[in-house]
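Remarks on the structure that follows.
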Amino acid sequence: MIHALSIDDFDERTLRLLLSWGKEYFEAEDLAHNPDAELLAGRRVALWFDEPSTRTSLSFEAAVKNLGGGVVRIDEKCSSAVKGESWGDTAAVLAELGCSALVIRTSDADVPSALAEEDALSVINAGNGTVEHPTQAIGDLLCLELSGYLSTHLKLAIVGDSAHSRVANSHFRLLPKCGIDVTVCAPAAWLPGSLPSLSSREKERIQLTTSLEEALSGATVAMYLRVQKERHADNNISLYEEFIEKYQLRSEHLSRYPSLKMVMHPGPVNWGIEISPSLRNSPKCAILRQVRCGVAMRMALLRYLLGGEEE
Ligand code: NCD
């Protein structure tokens, strides 16, 4: 049984495979009309989200359906987990009910691995607390590949609330592995306290700074992250104001840093906080493209986990 719990579950060969399949799906005229539209016929995937989600939840649903599979949604509040059923038993019951995989988003970071331990069905982490969000990161990697930036010497700036972002945590594991130099930029309080365990070569690819100038100078891509207010113990208004004043991306930055070719954000965007609304329709804004990449990549991932193909 293959699980997708962390970026650490993907070696370089698998990532390359996912990128090539994801690219095929992305380039299909219509994601729903693809050569693998029957791949999951007769199969079911369970979706369990106990934290809010629009794009991750719906893009997994679209990905399953585009491959011909069915979706079962679990209402967390009505599931037997609230009566204390163990994660192992929950996974076994879902498998018995005909589910081949479970996509789970949960505020309790340990739940995806506890479900996977039973090895009854493939478990896909769709965001566990502040720990990881591997499918968002791999979808973003597809977006970089399709834009032609993965093959060049890429310098990418991650700007925003990295300290509370699971997307950032997955990117810290993923981007250095792909040879990308990352500058992480935020007010000191939102810089990551620690980085995941990386090889010393990978660690050298990540620099931290509080200076937006330093992060954007020479960067090709700026990936902004949402200010995660719901994860802040105190809603420090002056910190939010400082972020808007010193870090918000505005049109003037696109002129000041001509190397900047693409603006990304995993969404949802707080327009006017992370990014000025005037950039919403900029040709450099790849935020909606990231959504389509997310569907294509999740189709590739489901094919990898459930398609039964040899690499
Ligand atoms: C992210 C998440 O939920 O971690 N969104 C997403 O899945 N695309 C980012 C966020 O909430 O800020």
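Ligands are counted one by one from 1 in listed order, and the atoms in each one are counted from 1 as well.
- Side-chain polar atoms of T209 and E214 form a donor-acceptor pair below 3.5 angstrom.
- Annotation: atom 11 (O) of ligand 1 to nearest protein heavy atom, R226 NH2, 3.1 Å.
- Remark: side-chain polar atoms of N128 are paired, donor with acceptor, to backbone N or O of A109 under 3.5 angstrom.
- Between W190 and H232, the gap from one ring centroid to the other is short of 6.0 Å.
- Listed by atom number, the atoms of ligand 1 under 4.0 Å from P266 heavy atoms are 8 (N).
- Residue contacts with ligand 1: P268 is placed with no nitrogen or oxygen under 3.5 Å of a nitrogen or oxygen of the ligand (distance criterion only).
- Heavy-atom separations between E51 and ligand 1 are all 4.0 Å or longer.
- Within the listing of ligand 1, atoms 8 (N) sit less than 4.0 angstrom from a heavy atom of R55.
- Closest heavy-atom contact between K177 and I7: NZ-O, 3.6 Å.
- Nearest to atom 4 (O) of ligand 1 among the protein's heavy atoms is R166 NE, 2.7 Å.
- In this model, no donor atom of one side chain and acceptor atom of the other lie less than 3.5 Å apart for D181 and T183.
- Side-chain atoms of T14 do not come within 3.5 Å of backbone N or O of F10 as any donor-acceptor pair.
- You'll find the ring centres of H253 and Y247 outside the 6.0 Å limit.
- For ligand 1, the atoms closer than 4.0 angstrom to any heavy atom of Q136 are 6 (C), 8 (N).
- For ligand 1, the atoms sitting less than 4.0 Å from at least one non-hydrogen atom of T56 are 6 (C), 7 (O), 8 (N), numbered in the order shown with element in parentheses.
- Remark: ligand 1 and G267 share an N or O pair separated by less than 3.5 Å (distance only, no angle test).
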